[in-house]
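Each chain gets a letter, A, B and so on, in the order the sequences are listed, and its residues count up from 1.
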Amino acid sequence: MATQKLTDYERKRLENIRRNEELMASLKLQSMATQLSASTKRPRVETKSYKVNSEKQPKTQDPTVIRRSLRTRGLPPDAKGLGGDGGDDSVVKTLEYVDPKASARKLGPLSMRDVYSGVSDTALIEAILGVEKKPQLGLEVKGEFGGCKEERSSGAFILVGGVSCDLSKKLEEGGVESDLKVESLTLNEENVARVVPGNVMNVRFFPSTSLRMVVVGNKAGNVGFWNVDSKEGEEGGICMYHPHSGPISGISVHQDCMSKIFTSCYDGFIRLMDAEKEVFDLVYSSGETIYSLAQQSNNAKCLYFAEGRGGISMWDERTGNISAQWSPHDDRINSIDFNSENSNIITTSSTDGTACIWDLRCIDADKFESLKTIGHKRAVHSAYFSPSGRSLVTTSLDDTVGISSGVNFEDISMISHDNNTGRWIPKFKAIWGWDDAYVFIGNKNRGIDVISHLQRRAVFTLKSPYMSAIPCRLAAHPYNVGMLAGATGGGQVYVWTLG
DNA sequence: ATCCAATTTATTTAC
DNA sequence: GTAAATCCAATTGGAT
């Protein structure tokens, strides 16, 4: 096993070196390309787009060389690196080319300004800091939901030590029924923007009713912000940073603290964008890939993330360290989600072909078993609890969307859906809307399929001439019913609204 | 079991 | 207009 690990790390490291060389080559081209495209007219339908500050470009052409040991990369110093067969001196000369713009890999905080791609982000920072000052959260919001949130906050839950109790009462209250008319969802022309270049891996809304802000992360390590209410060309309306050196695997904007935004990356780094300090702090760096990120809704201090091949780690802000670690899956974990009714209940989806529900209170137990395992024939790319916490939707490469509900989630239906997006488009991940009635998922025909929970089939498809690419990643605004964001493999974001 | 090579795929950008 | 480039997926089928 140890020797196996060694070769894994070796391979990974060599890959890194090769990639950095490739990166260097591509960066030159890219910076030239962005300069060019910035000076020419932007074609196509999009009305809004991120900006690149050409004055900053020369910086990218001035690469520096840094030396990094295994230790500084967060890898264990013993056994795996130098200790082993010692004959490989490439371990010693681990030189990596890093340009300032991609200094994303720096093992320390990054100034937001240094990784900002435009001229001025002060408007964005002001907007983010401004929303914190306004009264926000529960009380105000609940009223708008016609009791949806009220229902959530009441009632003791569900799964205790693997045995669920009294869900029937909840079922009677409805939740599978909905007042939402999906046919009324519309995409207005002004609600289309190119927020980042390339594949959007992750899209989130700010959990705010006053500030309608979308955050996206792409494959190149860019994090983009779009204030949906901004005017075209408005300074700070669309802002882009480059705090990471690889695909962004997770973004968490906690409702209790929106000025601090966690982002995770395949390169093993987790950063915290602090709008007050105007930095992307480095909160964690791992030698292994980080595949997803999640927070409990009632705890902004803790972070759960998927690390390496099947592992989950919990990071605690109070200690600044990992406070728990376990390995619930045999392969990469593609999503983590908490149950809104009980934050001890967590669900994970994995490339090992399963999605599982766990009780965090049992992770120290001798036999730590999942409360429920949903099996697919291929990799599962997402598993999300419904707003009520009573159902689960899973999306798998076996071309199904699974909806599990009922006591102990035993009532499972698999709905056929073409999820084979191929290489260039990030994998679909079905999400819930604003109640337990509907699930939304992009399709390969540039639409968003609406699956009825009750009917267990797609009942409607959102289509629009403005949605000119596949909306592979979706987000439902947590408070604003009917506000649905779709993000594409080309960096566009579409925000559907009600009326 | 693990590894390699070939293949598929959508969108942007280059020409 | 069309062709080339993208390049941290996930197969499948062949090799070891």
Could you tell me how far apart A/Asn199 (CG) and B/dT9 (P) are, to the nearest whole angstrom?
16 Å

Whole-Å distance between B/dT12 P and A/Ile425 CD1?
9 Å

Exercise answer: donor-acceptor pairs, residues 424-431 of chain A side-chain atoms, under 3.5 Å, sequence neighbours excluded:
| unit_1 | atom_1 | unit_2 | atom_2 | d |
| --- | --- | --- | --- | --- |
| A/Lys427 | NZ | A/Gly422 | O | 3.1 |
| A/Lys429 | NZ | A/Asn334 | O | 3.1 |
| A/Lys429 | NZ | A/His381 | O | 3.2 |

Length of the line joining A/Asp331:CG and C/dT11:P, which is rounded to integer Å
10 Å

With sequence neighbours excluded, tell me which residues meet ring pair (Phe, Tyr, Trp, His ring centres under 6.0 Å) with A/Phe205.
A/His477

Aromatic rings A/Tyr241 and A/Phe225: how do their planes relate, parallel, tilted or perpendicular, breaks at 30° and 60°?
perpendicular

Applying ring pair (Phe, Tyr, Trp, His ring centres under 6.0 Å), can you list everything that pairs with A/Phe338, at least two apart in sequence or on another chain?
A/Tyr304

Using the ring pair (Phe, Tyr, Trp, His ring centres under 6.0 Å) criterion, which residues pair with A/Phe206? Sequence neighbours excluded.
none

Would you please name every residue forming a ring pair (Phe, Tyr, Trp, His ring centres under 6.0 Å) with A/Tyr284, sequence neighbours left out?
A/Phe305

C/dT11 C1' sits how many Å from A/Lys377 NZ, rounded?
17 Å

Holding to side chain to side chain contact (heavy atoms under 4.5 Å, CB included), I want the full list of residues that pass it with A/Ser292, two or more places apart in sequence or in another chain.
A/Ala306, A/Ile333, A/Ile336

Using a cut-off of under 3.5 Å, enumerate the N/O to N/O pairs linking the protein to nucleotides 5-7 of chain B.
none

Results of side chain to side chain contact (heavy atoms under 4.5 Å, CB included) for A/Thr488 - residues two or more places apart only:
A/Ala469, A/Gln492, A/Tyr494

Among B/dA10, C/dA10, B/dT12, find the nucleotide with the atom closest to the side chain of A/Arg332.
C/dA10

Whole-Å distance, A/Met201 CE to C/dT6 C1', equals 15 Å

Whole-Å C1' distance, C/dC8 and B/dT13
22 Å

For A/Trp424 and C/dT6, is the gap between ring centres under 5.5 Å while the planes differ by less than 30°?
yes

In this structure, which stretches of DNA chain B are paired as stems of three or more consecutive Watson-Crick or G-U pairs, both distances less than 3.5 Å?
B:1-8 with C:9-16, B:10-15 with C:1-6

